[in-house]
There are 2 protein chains.
Amino acid sequence: MRIPAHIGIIPDGNRRWAVSNGMSKEKGYATGLEPGLAVFKLCEQIGVKEITYYGFTTDNNKRPMTQRQAFTDACVNAVKLLSGENASLLVVGNNESKMFPEELSSYTTRRAFGKGGIKVNFLVNYGWEWDLGHLAAAGTGAYRKNIITGMKSNAISRIDLIIRWGGRRRLSGFLPVQSIYADFYVVDEYWPDFKPEHFYQALDWYDKQDITLGG
Amino acid sequence: MRIPAHIGIIPDGNRRWAVSNGMSKEKGYATGLEPGLAVFKLCEQIGVKEITYYGFTTDNNKRPMTQRQAFTDACVNAVKLLSGENASLLVVGNNESKMFPEELSSYTTRRAFGKGGIKVNFLVNYGWEWDLGHLAAAGTGAYRKNIITGMKSNAISRIDLIIRWGGRRRLSGFLPVQSIYADFYVVDEYWPDFKPEHFYQALDWYDKQDITLGG
């Protein structure tokens with residue numbers, strides 16, 4: 001079986017899950033922690049080299065304060081949880097903004113935890129315009145390498161497979177350049193209803209795709 | 001019914017269609033002309049404001065010469081065909097390269113045909129790195145407007161709905177910035193097997209999506 005080197009995870013549907021379970025929207029985020037760890041362990045087992053989790057975005061900050069607080073806490077706790085594993089962790093996002101949780105400042109350069117291992121990237125207060133907006137500074141040109149070097153997310157490699165939970169079929173600003181050739185698999189269930197089968201189904205589907213990189 | 005203002009069309013599967021019909025791969029492209037015109041007319045009927053067709057990319061140029069010739073001819077003929085309609089036509093792509101067909105040079109600034117009308121963009125010898133690689137020149141910053149102004153495709157607006165024929169669930173370099181919030185609908189049939197139902201199904205599905213722009 002062809003295993004993707006790099007998987008992107010869009011853990012969507014937390015609020016809809018909360019509402020459909022009779023809770024207020026912000027209660028949906030904490031339930032996303034366990035699935036996040038489960039996906040990490042599945043990736044570890046099958047030999048994935050890199051995972052990127054979509055935490056929250058600068059767009060998401062337009063939401064009500066109780067929700068902002070809840071998704072920020074969930075991200076902080078998720079990163080802490082993953083730092084208990086064998087992983088090489090990096091948080092990528094605009095940490096010059098007040099919306100960036102201070103507790104994650106020490107993760108903005110990559111650090112190995114445990115025995116190191118899978119690269120795990122966590123997007124926190126990430127914005128595509130923040131990511132692309134400083135290409136000028138790097139002295140770019142129409143070459144892939146230059147573009148990638150000039151991006152704020154330059155430590156994150158090309159993504160092979162994106163799995164999005166919660167049924168939406170869109171990228172919503174997730175790493176536009178690294179996602180250019182990614183195969184995109186959508187799980188209809190909400191992220192808090194994560195089951196290992198979702199992951200295996202995505203891998204089975206990915207195994208049947210041809211990889212052309214546009215060629 | 002909520003009608004998308006801007007639809008992106010990825011007309012994939014021409015080569016697979018040809019092979020599955022006992023022809024050599026390059027024979028698949030010419031059959032894409034009629035569907036292209038059909039989609040245009042459907043968009044016109046329902047009041048879409050802008051359409052972008054994915055013609056061919058700098059990545060595609062790696063293919064054998066007979067195929068290159070065939071997809072280039074198909075693009076030239078498609079643009080000519082559309083210039084017989086009421087449309088405001090623009091070809092976007094690297095026209096400083098030998099791979100850009102000379103016959104389309106006069107379309108690289110937008111021109112109205114007939115009574116004008118829908119904006120129609122046609123990506124010809126387009127490359128995402130060509131598009132993003134000159135952001136520096138525009139003096140950018142981390143603001144959406146600056147990024148879009150600095151892109152080569154700056155005359156193309158944000159896309160609401162992307163429809164891809166041929167079953168692949170990926171963007172393959174299609175306008176990474178304009179596609180950031182686009183809803184992505186995949187038709188399993190090959191592009192030469194286009195049926196109006198595919199288009200209507202995509203619209204029905206789009207009508208059920210919520211539009212958050214990441215918020």
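In what follows, every heavy atom counts, from backbone to side chain, and hydrogens, waters and symmetry copies are set aside. Residue numbers begin at 1 in each chain, while the letters A, B, ... track the order of the sequences.
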(request) For Pro176(A) and Ile180(B), work out which heavy atoms get closest and say how close. (result) CG-CD1, 3.8 Å

(message) Less than 4.0 angstrom from a charged side-chain N to a carboxylate O is my criterion; do Asp183(A) and Arg169(B) meet it?
(response) no

(request) Hey, could you give me the CE/CG distance between Met151(B) and Leu132(A), rounded to the nearest 0.5 Å? (result) 8.5 Å

(message) Does Gln201(A) have more than 12 heavy atoms from other residues, nucleotides or ligands lying within 6.0 Å of its CD?
(response) yes

(message) Using a 6.0 Å cut-off, check whether atom CE of Met65(B) has over 12 heavy atoms from anything other than its own residue.
(response) no

(request) State, yes or no, whether a side-chain contact exists between Tyr181(B) and Leu171(A) at a heavy-atom distance under 4.5 Å. (result) no

(message) Looking only at heavy atoms and a cut-off of under 4.5 Å, which of Phe184(B), Phe174(B), Tyr185(B) has the most pairs with chain A?
(response) Phe184(B)

(request) Flag the pair Arg168(A) / Thr212(B) as yes when at least one side-chain heavy-atom distance between them is below 4.5 Å, and no otherwise. (result) no

(message) Is Leu213(A) in contact with chain B via its backbone, its side chain, both, or neither, using a 4.5 Å heavy-atom distance?
(response) backbone

(request) With rounding to the nearest 0.5 Å, note down the distance linking CG in Leu161(B) to CZ in Arg170(A). (result) 11.5 Å

(message) Need one label for Asn61(A): side chain, backbone, both or neither, based on atoms under 4.5 Å from any heavy atom in chain B.
(response) neither

(message) Salt bridge check, Arg15(B) against Asp210(A): does any charged N sit closer than 4.0 Å to a carboxylate O?
(response) no

